[in-house]
Amino acid sequence: MVKKIGLLAVLLALTFLVYACTDEVPLVDEDDVLGEPEAPDEDDVVEDDDALEELKSLVMGTAEYMVSYEYDFLGEDMSLTQYVKGNRMRTDSEAFGMVSRVYLLEDSVVTCMEEAGQWMCFESERDEVEGVEAGDDPVIDDLEEGTFDGTIQRLPGRTVAGTSTSCFRALYLGFTYDYCYSAEGVPLLVEAETDEGSWSMTATDYSTSVQESAFELPAEPGSFDDMLGAWGY
């Protein structure tokens, strides 16, 4: 199964790479990134021995969904739409005036960018981009791999994208992560404070079915070197 939520690693790394190459990365106020997180209301946090197993079952739940997010990373807002079906994933983003898509397929990662109505796609082997950490989520990764040894607490449920959710807090590796999942196992809200700064994903709409056409590429892919060449490197 494709890892949920941690998908943003590839997308963010490639997006910031492009903008680093063009010297157009927006400046972020350090106070916005490294400010003190709000103290949790301890009255709302419930210790529950069953919370870990319930969150794990939700994380390992549905293998097919579409969800649109408002995503904030390092103080910058962007819109994301994620499609998951089996071990395939597609993530669409609109950020810094760029429209892009990242396809995680069986053996490859294809990154597509639109400029002046034209799509350019670039392909690399999937193992060449594994381990990228920007926007990654170690809680979900380790829950799926069975190596999680942190603490899971239950939070009050919230209504997200028009549906009731089950919410949890993970205390792991010295950081705090809050999650809300739909009954079907779709991640609808994530809020995290890590050494990379704060980031959050809040769903605005979701579905539990995905058409095969969602994984059709908008252009024939070239290589990663072709992408650098297209940007003058």
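Values below: all heavy atoms of this structure, side chains included; hydrogens, waters and symmetry mates excluded.
Between R154 and E54 a salt bridge is recorded (basic side-chain N to carboxylate O distance below 4.0 Å).
In this structure E212 satisfies the side-chain hydrogen bond (donor to acceptor under 3.5 Å, both in side chains) test together with K85, R88, sequence neighbours excluded. For E106, the salt bridge (charged side-chain N to carboxylate O under 4.0 Å, His left out) test picks out no residue, with sequence neighbours left out. Looking at residues two or more places apart in sequence or on another chain, you find no ring-ring contact (aromatic ring centres under 6.0 Å, His included) involving Y83. With sequence neighbours left out, the side-chain contact (heavy atoms from CB on, under 4.5 Å) criterion links A203 to V67, Y69, V160, A161, L188. Among residues two or more places apart in sequence or in another chain, the side-chain contact (heavy atoms from CB on, under 4.5 Å) test is passed with E94 by V99. With sequence neighbours excluded, the residues forming a side-chain hydrogen bond (donor to acceptor under 3.5 Å, both in side chains) with S68 are T81, listed by chain and number. Applying the ring-ring contact (aromatic ring centres under 6.0 Å, His included) rule to F168 yields no partners; only residues at least two apart in sequence or on another chain are considered. By the salt bridge (charged side-chain N to carboxylate O under 4.0 Å, His left out) test, D72 pairs with no residue at all, sequence neighbours left out. Scanning for salt bridge (charged side-chain N to carboxylate O under 4.0 Å, His left out) contacts around E53 gives K56, with sequence neighbours left out.
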Item to check | From CA spacing to verdict: side chain to side chain contact (heavy atoms under 4.5 Å, CB included), T165, T159 | outcome: CA-CA 6 Å; T165 64; T159 299; over 6 Å; no
Item to check | Criterion side chain to side chain contact (heavy atoms under 4.5 Å, CB included) on E184 and Y65, from CA distance to verdict | outcome: CA-CA 9 Å; E184 304 93 347; Y65 62 84; over 6 Å; no
Checklist entry - Are Y172 and Y177 close enough, and set up right, to give a ring pair (Phe, Tyr, Trp, His ring centres under 6.0 Å), and what steps lead you there? => result CA-CA 8 Å; Y172 195 44; Y177 304 78; 7.5 Å; no
Item to check | Audit row: E144, M60, side chain to side chain contact (heavy atoms under 4.5 Å, CB included) steps and yes/no | outcome: CA-CA 7 Å; E144 290 190 331; M60 302 299 290; 3.6 Å; yes
Item to check | T91 and R101: CA distance, side-chain angles, deciding distance, side chain to side chain contact (heavy atoms under 4.5 Å, CB included) verdict | outcome: CA-CA 6 Å; T91 302; R101 297 177 185 173; over 6 Å; no
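Other residues sharing a hydrophobic cluster with L171 under the 4.5 Å side-chain heavy-atom criterion for ILVMFWY residues do not exist; the residue is a singleton.
A disulfide bond (SG atoms under 2.5 Å apart) check over residues 61-103, counting only residues at least two apart or in different chains, returns nothing. Legend: disulfide bond (SG atoms under 2.5 Å apart) pairs involving residues 151-199, not counting sequence neighbours, sorted by first then second residue: C167-C180.
Residues L105 and F122 do not share a hydrophobic cluster, defined by chaining ILVMFWY side chains whose heavy atoms lie under 4.5 Å apart. V110 and M89 fall into different hydrophobic clusters, defined by Ile, Leu, Val, Met, Phe, Trp and Tyr side-chain heavy atoms under 4.5 Å apart, directly or through other members. Cluster annotation: W199 and F175 are assigned to the same hydrophobic cluster (Ile/Leu/Val/Met/Phe/Trp/Tyr, side-chain heavy-atom contacts under 4.5 Å, transitive).
With rounding to the nearest 0.5 Å, the separation of OH in Y181 from OG in S57 is 10.0 Å. Atom-to-atom distance recorded for D178:CG and L155:CG is 5.0 Å, nearest 0.5 angstrom. Taking CD of E191 as the start and OG1 of T202 as the end, the distance is 6.0 Å to the nearest 0.5 Å. Note: L143 CG to L52 CG = 6.5 Å, rounded to the nearest 0.5 Å. Here the CE-CD distance, from M113 to Q118, works out to 13.5 Å after rounding to the nearest 0.5 Å. Atom CG of residue L217 and atom CD of residue E123 lie 8.0 Å apart, to the nearest 0.5 angstrom.
R169 places no side-chain N or O within 3.5 Å of a backbone atom of Y179 that could act as its donor or acceptor partner. Side-chain atoms of T176 never come within 3.5 Å of backbone atoms of E193 as a donor-acceptor pair (strictly under, hydrogens ignored).
The two residues S166 and L58 make their nearest non-hydrogen contact at CB-CD1, 4.3 Å. V210 approaches V84 most closely through the heavy-atom pair CG2-O, 3.7 Å. Heavy-atom minimum distance, C112 versus Y103: SG-CE1, 3.9 Å.
A heavy-atom distance below 4.5 Å is found between the side chains of E115 and M120. The shortest side-chain heavy-atom distance between S79 and E70 falls under the 4.5 Å cut-off. Q82 has its side chain out of reach of M66: every pair of non-hydrogen atoms, C-beta onward, lies at least 4.5 Å apart. Contact of the E64 side chain with the S209 side chain is registered, since non-hydrogen atoms from C-beta on lie closer than 4.5 Å. Considering only heavy atoms from C-beta on, Y206 comes within 4.5 Å of S182 through its side chain.
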